[in-house]
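Proteins come first, then strands; the chains are lettered A, B, ... in the order of their sequence lines, and each starts at number 1. Keep in mind that the numbers below use all heavy atoms, side chains included, and drop hydrogens, waters and symmetry copies.
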Protein chains: 2
Amino acid sequence: MKLSTRGQYATRALVDLAMHRDEAPILLKDIARRQQISQRYLEHLITPLVAAGIIVSTRGPKGGITLVKSPEEIRLDEVIQLLEGAIAPVECINNPGTCIRSRSCATRDVWDELRQTMTDFLRSVTIQDLMERQREKEKSTEVMYYI
Amino acid sequence: MKLSTRGQYATRALVDLAMHRDEAPILLKDIARRQQISQRYLEHLITPLVAAGIIVSTRGPKGGITLVKSPEEIRLDEVIQLLEGAIAPVECINNPGTCIRSRSCATRDVWDELRQTMTDFLRSVTIQDLMERQREKEKSTEVMYYI
DNA sequence: ACTTTGTCGATTAACTTAATCAACAATAAT
DNA sequence: ATTATTGTTGATTAAGTTAATCGACAAAGT
């Protein structure tokens, strides 16, 4: 019951992008360094975000990627769905055909309710929320050092 | 973000066991046939359930497995945890040491809230609930045939 | 031209999953 | 006692997935 690194990294990349929005476009290299993600790997995670119109990329010197959808409109369920495919705790939720028991299976109904619960939660969190939480965390850390 | 077949099959096996409780002990062979699970595979899935005291097994003729914990006391979060390990959408939830960002990572906090949301939902569902839902489904199916 | 920066498809090593198999242990029936 | 039945356990394996990495390429600014 794990999220792959694709969803995790893409989320971190988007928060990073939101936090440095005033310096856009941002280099993949910088996101990779700050978020400790392999740049080669990150390149592949960016593609679906561009395709979905969440970010745009510009090549060449002074290029990089830029957040175009506003952070409060980017919800985690969308990010996860884009990077990992449909949220579904079991295969038969998306493809009922893969199991002949689908129509009459009570456990399947419960997995579908679990899917709904997870989706509802993820939909309630935006990149804006994550950015604010991160700012808050960093502020606390400063205070900690101060003490 | 998938449950493995271990959790799915074990859940189905427990519901099957609850539905045939009056005929206990139940043969693994029969559960495997009714639930369309490989018997060889199922053998491995019942071990943790025995270890947790949810079922007991008796060998030899007239043997099989018997539910000893009552169905309304068996919660799905326990079943999933036993078969798949701790519920955690990302590795750093259980092992904060695997990622040095753990202490200062806002996304990690959100994954932990997701874990809590999932756990709460799974804890709210018991094998008894699933058994009743299954009975209800089978009743509806009969009516369907009737029409 | 040349450098910078993103894009894309192919490949790969490591890991996980979902089984399967064989040898074994316990128990009931005869 | 012997035999048939039933669960137990550890080893093995084929297939699939994950998390990268690599190289060749395309676009854009200087």
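Between B/Thr47 and the phosphate of D/dT8, there is no side-chain N or O to OP1/OP2 separation shorter than 4.0 Å. Listed pair B/Tyr41 / C/dT17 fails the phosphate criterion, with no side-chain N or O lying under 4.0 Å from OP1 or OP2. Look at A/Ser4 and you'll find a side-chain N or O under 4.0 angstrom from OP1 or OP2 of D/dA19.
Rounded to an integer number of Å, the gap from A/Leu83 CG to D/dT17 C1' is 16 Å. Here D/dC22 presents its P atom at 12 Å from CD of A/Gln39, a figure rounded to the nearest Å. Rounded to a whole Å, the OH atom of B/Tyr9 is 10 Å from the P atom of C/dT20. Atom P of nucleotide C/dA14 and atom CD of B/Glu91 are separated by 19 Å, given to the nearest angstrom. When rounded to the nearest whole Å, the span between CE of A/Met1 and P of C/dT16 equals 18 Å. Going from atom CZ of A/Arg59 over to atom P of D/dA26 covers 9 Å, rounded to whole Å. Note: CD (B/Glu43) to P (D/dG7) measures 8 Å, nearest angstrom. Distance CG (B/Leu45) to C1' (C/dT17): 12 Å, rounded to an integer number of Å.
Along DNA chain D, the nucleotide closest to A/Thr58 and the one closest to A/Arg6 are compared, and the more 5′ of them pairs with A/Arg6.
Under the 3.5 Å distance criterion, the side-chain polar atoms of B/Arg6 are matched with a main-chain donor or acceptor of B/Leu83.
A salt bridge is absent between B/Glu132 and B/Arg135; no separation between the charged side-chain nitrogens and carboxylate oxygens falls under 4.0 Å. Under the 4.0 Å criterion applied to side-chain N and carboxylate O atoms, A/Glu78 and A/Lys69 are assigned as salt-bridge partners.
Across all strands, A/Ile26 comes closer than 4.0 Å only to sugar-phosphate atoms, never to a base (heavy-atom distances).
Paired with A/Ile65 under the rule side chain to side chain contact (heavy atoms under 4.5 Å, CB included), one option of A/Val50, A/Ile31, A/Val56, A/Leu49 passes, and it is A/Ile31.
The two residues B/Pro96 and B/Arg108 have their closest heavy-atom pair at CG-NH2, 3.7 Å.
Closest to the side chain of A/Leu27, out of C/dA29, C/dT5, C/dT20, is C/dT5. Of the candidates D/dT21, C/dT7, C/dA18, C/dT7 carries the atom nearest the A/Ile46 side chain, counting heavy atoms from C-beta on. When the nucleotides D/dG7, D/dA20, C/dT3 are ranked by their closest atom to the side chain of A/Thr5, D/dA20 comes out on top.
No hydrogens or angles were tested; on distance alone, nothing pairs the side chain of B/Arg40 with the base of C/dA19 as donor and acceptor under 3.5 Å. For a distance-only test at 3.5 Å, the side chain of B/His44 qualifies as a donor-acceptor partner of the base of D/dG10.
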